[in-house]
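Written out below as structure tokens is the structure these notes cover.
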There are 2 protein chains.
Amino acid sequence: MAVTMRDVAIVARVSPKTVSNVVNDHPNVHPDTRARVQRAIAELGYRPNHSARGLRSGRTGVIGLAVPELKQAYFAELADAVIAAAAKRGLSVIVGQLGGDREHEIELLTHGLPQTDGLLFSPEQLGSEDRDLLADVDFPLVMLGEWIFGGPTDHVTMHNVTAARSAVEHLISLGRRRIAVIGAHPEDETRQLGPSNLRIQGYREALAAAGIEHDPRLERVVAPWHPDDGAEAARELIRSGLEFDAVFALTDALALGALRALGEAGRVVPDDVAVIGFDNIAISHLANPSLSSVDPGRAEIAEMAVGMLVERIEWGTGSSRPARLHKAAFDVIVRESSGGTTVTAPTEPADAAQALNG
Amino acid sequence: MAVTMRDVAIVARVSPKTVSNVVNDHPNVHPDTRARVQRAIAELGYRPNHSARGLRSGRTGVIGLAVPELKQAYFAELADAVIAAAAKRGLSVIVGQLGGDREHEIELLTHGLPQTDGLLFSPEQLGSEDRDLLADVDFPLVMLGEWIFGGPTDHVTMHNVTAARSAVEHLISLGRRRIAVIGAHPEDETRQLGPSNLRIQGYREALAAAGIEHDPRLERVVAPWHPDDGAEAARELIRSGLEFDAVFALTDALALGALRALGEAGRVVPDDVAVIGFDNIAISHLANPSLSSVDPGRAEIAEMAVGMLVERIEWGTGSSRPARLHKAAFDVIVRESSGGTTVTAPTEPADAAQALNG
DNA sequence: GCGCCGGATTACCACGTAGTAAATCTCCTG
DNA sequence: CAGGAGATTTACTACGTGGTAATCCGGCGC
């Protein structure tokens with residue numbers, strides 16, 4: 001059996017409670033006693049039992065992170081950042097995969113993940129129509145991503161509209177006028193605030209601001225965002241005979257597929273067609289040509305999300321503070337696929353996009 | 001406060017212990033009683049307290065997975081598979097990132113991850129010289145990867161030698177004779193069993209078997225395997241003026257870099273140079289051209305590793321059963337970069353590679 | 001010299017669960 | 001209808017920790 005406080009107490013000739021006080025850095029422990037206890041701890045190799053601590057204190061020191069699938073690079077990198085941010089605060093992370101299963105996602109909201117003090121949740125199947133589910137959540141929760149806005153829950157996300165707009169403005173600044181989009185979702189009452197539609201909105205805003213005519217035929221549907229379909233969408237675009245000199249792909253995975261399709265068709269990137277993606281996943285700069293992308297500020301998202309969750313955990317579920325919405329600063333990363341020099345866009349005032357989310 | 005067994009017991013008019021028996025599916029509970037208790041559980045929304053259960057039973061129902069970095073696609077996909085395999089068995093997974101820090105890795109082996117029943121560990125900095133560390137481990141542990149062989153611990157890995165050999169044999173079958181390797185590590189007494197050297201060995205075996213002269217200058221060093229360096233290694237290879245008609249990159253990330261460099265230099269893949277990687281990460285088939293690769297059998301690795309760990313957990317640390325070594329079946333996935341049709345290699349008899357690991 | 005103050009330490013207990021062993025019930029045999 | 005085997009249920013307890021409140025002790029003021 002493992003070493004307990006009791007064992008340490010015997011060796012240090014104090015009570016178990018004093019050991020507890022030393023371990024928890026309580027004041028009012030005599031320095032000599034503290035030293036003696038610490039020596040005993042080291043000697044015996046004592047390690048606190050987290051289950052017992054959790055039972056007694058109601059905290060496990062573990063938070064949950066729920067994503068659709070870790071094998072999607074975006075979520076893997078998000079998890080990487082979340083785990084790092086949690087580790088800074090001495091928290092462990094249980095990662096759950098919901099596999100895009102709506103039932104699982106609903107179940108998760110009603111019960112949370114076992115063994116955890118709180119949950120970071122990036123849903124894929126829930127939409128703003130499920131907002132009511134959030135009202136009944138009785139554990140600390142911070143939502144990630146763009147499916148549910150305006151709920152009663154803390155929410156960390158990215159500047160979809162403005163970042164997309166900046167990406168398209170970058171393409172326009174290269175002189176491109178016929179800019180296609182890959183990854184549009186059909187307009188849908190309940191999903192109008194999904195990431196696709198927000199980014200499409202940024203695209204349209206950029207066109208409008210530049211006085212470029214909006215050609216709906218250049219908005220190519222890929223729904224849901226299966227990366228394999230990016231190439232197919234680009235092939236259809238090419239087959240359609242429509243003229244275009246740039247592609248804005250709404251995720252990097254779609255963009256990589258588009259690069260393939262363009263290559264097959266003999267279109268040179270970026271000379272014939274400039275391409276930019278969204279997410280800035282790690283392999284994008286290894287693509288051939290390397291892929292320009294919008295970096296959504298993953299580290300900041302993770303840091304803020306963990307910070308908010310910790311606050312909620314520490315305040316307890318009782319106090320109902322108002323929900324907060326945070327959007328991370330983004331960067332437009334210019335690489336070979338839209339040849340140019342690196343440009344960094346400052347964070348926009350949150351108001352602009354915030355207005356969308358009511 | 002949450003609903004406890006006590007609360008359920010009162011509503012169901014039984015003792016708390018009977019509730020426990022129902023929850024744990026004990027035999028010898030009267031069907032009527034069981035039904036009554038289950039109704040009370042549903043009515044009150046009772047959920048077991050995992051901390052208390054863990055305290056009482058010594059099990060947490062959580063296993064740990066420690067990898068260098070989740071943002072490396074290989075580890076993300078491994079984690080994906082491990083989490084899925086664990087979920088099948090009702091286990092949660094805490095994912096830890098050691099960031100390639102040797103001190104962290106050693107610390108992990110001495111204490112394990114808190115809150116977990118056992119650990120799956122894929123080290124990066126430990127080598128066979130650290131084998132002794134494993135002897136003192138007092139928690140269920142299954143090692144993953146290729147750094148430590150012959151330790152006293154269960155170990156799940158891939159057929160590095162044979163799989164690499166098959167990859168090179170594939171290149172040879174295309175008529176290639178000047179086959180370069182990207183990702184060799186300097187020969188090093190303590191690290192001779194690292195994945196690099198094992199794969200290099202497979203490469204040399206394939207050449208030897210085909211009667212092709214081995215040119216050491218075609219073995220290009222990239223150590224450690226930073227993906228960005230793959231392109232640079234390929235550029236150096238090109239600059240060297242050495243003739244070559246194929247590249248075997250020891251990871252897909254290196255291969256993607258090589259595709260870039262070859263493209264820059266105007267070498268057409270696969271016509272001028274055939275390329276194959278190793279790991280079969282998800283984005284490889286989106287590369288341009290799509291990347292041939294060796295699929296190391298991630299799902300099988302995860303499944304076996306979790307299975308072994310569960311066995312160790314259930315047997316308890318007391319019983320010292322002999323350590324097992326399992327190598328997953330691999331596939332050679334042929335895509336455009338080495339144009340051809342898909343080939344599946346059967347699992348080799350374990351002996352061949354096993355002999356290396358003594 | 002007495003009593004009080006406050007720092008230091010301790011006893012006691014409860015957190016929610018499940019193992020153990022004992023108690024109780026049920027049904028069958030003779 | 002007694003006896004008993006087996007099924008079912010229960011009382012009791014410990015798991016390791018930390019909150020609460022009580023106790024202990026040395027030094028100080030009067």
Side-chain angles (χ1 to χ4, degrees), chain A residues 1-38 40-41 44-62 90 111-112 114-117 139 314 316, chain B residues 1-38 40-41 44-62 90 111-112 114-117 139 313-314 316-317:
Chain A
M1 188 53 64
V3 179
T4 74
M5 285 189 169
R6 210 182 125 72
D7 303 322
V8 175
I10 292 170
V11 170
R13 282 167 297 121
V14 295
S15 74
K17 177 61 187 173
T18 297
V19 177
S20 169
N21 289 339
V22 170
V23 168
N24 293 294
D25 269 332
H26 272 234
N28 298 347
V29 175
H30 193 92
D32 295 353
T33 310
R34 184 180 301 275
R36 192 145 38 88
V37 170
Q38 279 165 341
I41 287 176
L44 297 177
Y46 166 76
R47 312 222 80 205
N49 177 315
H50 284 74
S51 287
R53 181 174 282 179
L55 174 59
R56 182 62 239 219
S57 68
R59 297 275 181 77
T60 64
V62 181
H111 294 311
Q115 289 279 49
T116 58
D117 295 335
F139 52 85
E314 287 177 354
Chain B
M1 188 52 62
V3 179
T4 73
M5 284 188 169
R6 210 183 126 71
D7 304 322
V8 175
I10 292 170
V11 170
R13 282 167 297 121
V14 295
S15 73
K17 177 60 186 172
T18 298
V19 178
S20 169
N21 289 340
V22 171
V23 169
N24 293 294
D25 269 332
H26 272 234
N28 298 347
V29 175
H30 193 93
D32 295 352
T33 310
R34 183 180 301 277
R36 192 147 36 89
V37 170
Q38 280 165 338
I41 286 176
L44 298 177
Y46 166 77
R47 312 222 78 206
N49 178 315
H50 285 73
S51 287
R53 179 174 285 179
L55 174 59
R56 180 64 241 214
S57 67
R59 297 277 180 75
T60 64
V62 181
H111 294 312
Q115 291 279 49
T116 58
D117 294 335
F139 51 85
I313 290 170
E314 287 176 354
T317 42

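In this text the structure is predicted, and so the values were computed from the model without any measurement.
Contact of the B/Arg34 side chain with the B/Val29 side chain is registered, since non-hydrogen atoms from C-beta on lie closer than 4.5 Å. A 4.5 Å side-chain heavy-atom check between B/Ile41 and B/Val23 finds at least one atom pair inside the cut-off. With a 4.5 Å cut-off on side-chain heavy atoms, B/Val19 and B/Pro16 do not count as touching. B/Arg53 places a side-chain heavy atom less than 4.5 Å from the side chain of B/Asn24.
Protein atom CG of B/Leu55 is 13 Å distant from nucleotide atom P of D/dA14, rounded to whole Å. Atom C1' of nucleotide C/dT10 and atom CD1 of A/Ile10 are separated by 15 Å, given to the nearest angstrom. We find that CG of B/Asp32 is positioned 13 Å from C1' of C/dT26, with the value rounded to whole Å. The distance from atom CZ of A/Arg59 to atom C1' of C/dC15 is 15 Å, rounded to the nearest whole Å. If you take CE of B/Met5 and C1' of D/dA11, they are 16 Å apart, rounded to a whole angstrom. With rounding to whole Å, B/Arg53 atom CZ is found 15 Å from D/dC15 atom C1'. In this entry the distance linking NE2 of B/His50 with C1' of C/dG16 reads 13 Å, nearest Å. A/Arg6 places its CZ atom 11 Å from the C1' atom of D/dA14, with the value rounded to the nearest Å.
Each of B/Arg56 and B/Arg13 was matched to the nucleotide of DNA chain D holding its nearest heavy atom; the match closer to the 5' end belongs to B/Arg13.
Across A/Ala40 and A/Val11, no two heavy atoms sit closer than the pair CB-CG1, 3.7 Å. Minimum interatomic distance between A/Tyr46 and A/Val3 (heavy atoms only, all atoms of both residues): CD1-O, 3.4 Å.
B/Gln115 contributes a side-chain N or O that, together with a main-chain N or O of A/Thr60, makes up a donor-acceptor pair within less than 3.5 Å.
Using a 4.0 Å cut-off, some side-chain N or O of A/Asn24 falls inside it from OP1 or OP2 of D/dG18. Of the side-chain N and O atoms in B/Ser20, one or more sit less than 4.0 angstrom from OP1 or OP2 of C/dA18.
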Pairs under 3.5 angstrom, nitrogen or oxygen only, protein versus nucleotides 6-9 of chain C, please.
residue	atom	partner	partner atom	Å
C/dA8	OP2	A/Asn28	OD1	3.3
C/dT9	OP1	A/Thr33	OG1	2.2
C/dT9	OP2	A/His30	N	2.8

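With distances taken from any side-chain atom of B/Lys17 to the nucleotides C/dT17, C/dT20, D/dG19, the minimum falls on C/dT20.
Heavy atoms of B/Pro16 sit nowhere under 4.0 angstrom from any nucleic acid atom.
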